[in-house]
Amino acid sequence: MKETSLQCLLILISLLSCTTNQARLTVSPSSSQFFDYDSVSLSCEEDDSSAGWTLRRNTSREQRTQCGTDGWGKPAGSTCDIVAFHLDSGVYWCESREGPISNMVNLTVTGGSVILQSPVLPVMEGDDVTLLCKTMTTFSNLPAAFYKDGSLIRKQPAGHMTIQHVSRSDEGLYKCDISGHGESPSSWITVTGKHTTTPPPTSTPPPGSTCVSPSLFSLVLTVSFLKSVCVVVLLVLLVLLVRRQVQRKSEREELEMMTSHTVTEKVVVNNSQ
Ligand SMILES: *[C@@H]1O[C@H](CO)[C@@H](O)[C@H](O)[C@H]1NC(C)=O
Ligand SMILES: *[C@@H]1O[C@H](CO)[C@@H](O)[C@H](O)[C@H]1NC(C)=O
């Protein structure tokens with residue numbers, strides 16, 4: 001009996017550590033493109049700091065290098081600060097010692113003079129998205145042309161463009177152009193389904209979700225079933241334990257009453273003699 005409850009407890013604990021084992025990579029300022037010498041902060045927003053999340057990246061020149069220890073970035077808690085340079089362009093992610101990884105983020109740093117500020121994280125279907133075309137040298141926004149997958153989609157006098165109620169068809173590679181200043185690099189905009197719609201069976205779990213890989217995902221499902229079983233078993237054990245205690249108590253009381261009766265009877269008998 002004792003061993004089963006101990007096992008249940010262990011399973012519960014491992015479950016808890018599994019569900020807290022997640023991180024989300026965020027970028028501040030929120031943009032997927034930067035100019036040389038811009039300051040950028042990348043944060044592993046973690047539920048469990050003891051998991052030891054580290055920020056890693058792949059660039060065109062190096063793979064899986066870590067912030068602070070591989071010659072780039074300055075770690076500050078769960079944040080990594082970089083002064084961007086075009087060689088910092090690449091894909092960034094957070095990784096824990098145990099293996100799970102966060103969402104990935106593509107950053108592009110340009111030595112050019114125009115950037116497109118587009119969402120760095122996937123956009124939710126139905127949301128509005130604003131794209132901003134910026135030059136390095138002017139503070140005011142200049143007229144800009146926006147392109148998707150290589151074709152012109154809009155010319156905007158104020159340099160920004162809002163796509164209302166984005167849908168999957170808005171997903172693609174975007175760039176912009178400011179006449180007289182140049183063209184921005186291209187950035188991919190990802191559109192994800194609404195929370196309310198059930199994802200198709202082929203889709204991977206959303207970024208930052210529990211225990212990233214699909215096999216672990218099914219494991220989590222199995223374990224959450226075990227969790228419910230554990231809870232039921234623990235409850236039953238508790239009820240049995242309480243009932244036994246109550247029974248013992250009443251038995252003891254009965255016994256005490258009987259013995260005290262015999263004692264008084266004896267006393268009465270003694271007195272009458
Ligand atoms: C980073 O590079 C490694 C080694 O080439 C590769 O295995 C891994 O898939 C890359 N990760 C990303 C996110 O591109
Ligand atoms: C990063 O960029 C590559 C190449 O443009 C693209 O295939 C990939 O889907 C992007 N990843 C993310 C997380 O946006």
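Atoms within a ligand are numbered from 1 in the order they appear, just like the ligands themselves.
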Considering only the protein, which heavy-atom contact is closest to atom 1 (C) of ligand 2, and what is its distance? Asn106 ND2, 1.4 Å

Heavy-atom distance from atom 5 (O) of ligand 1 to the protein below 4.0 Å? yes

Please confirm whether Arg57 makes a cation-pi placement over Trp72, using NZ or CZ under 6.0 Å from the six-membered ring centre and within 45° of the ring normal. yes

So, Ser113 versus Thr135: side-chain donor-acceptor pair below 3.5 Å or not? no

Considering only heavy atoms of Met104, which atoms of ligand 2 have at least one such atom less than 4.0 Å away? 13 (C)

Below 4.0 angstrom from a heavy atom of Gln63, which ligand 1 atoms are there? Numbered from 1 as shown, please. 1 (C), 2 (O), 3 (C), 4 (C), 5 (O)

Specify the protein heavy atom at minimum distance from atom 11 (N) of ligand 1: its residue, its atom name, and the distance to 0.1 Å. Asn58 ND2, 2.8 Å

Nearest protein heavy atom to atom 14 (O) of ligand 2: under 4.0 Å? yes

Verdict with reasoning, Phe146 to Leu152, per side-chain contact (heavy atoms from CB on, under 4.5 Å): CA-CA 6 Å; Phe146 290 86; Leu152 177 72; 6.0 Å; no

In terms of relative ring orientation, are Tyr37 and Phe85 parallel, tilted or perpendicular, with 30° and 60° separating the classes? tilted

Salt bridge or not between Asp170 and Lys148? Use side-chain N to carboxylate O under 4.0 Å. no

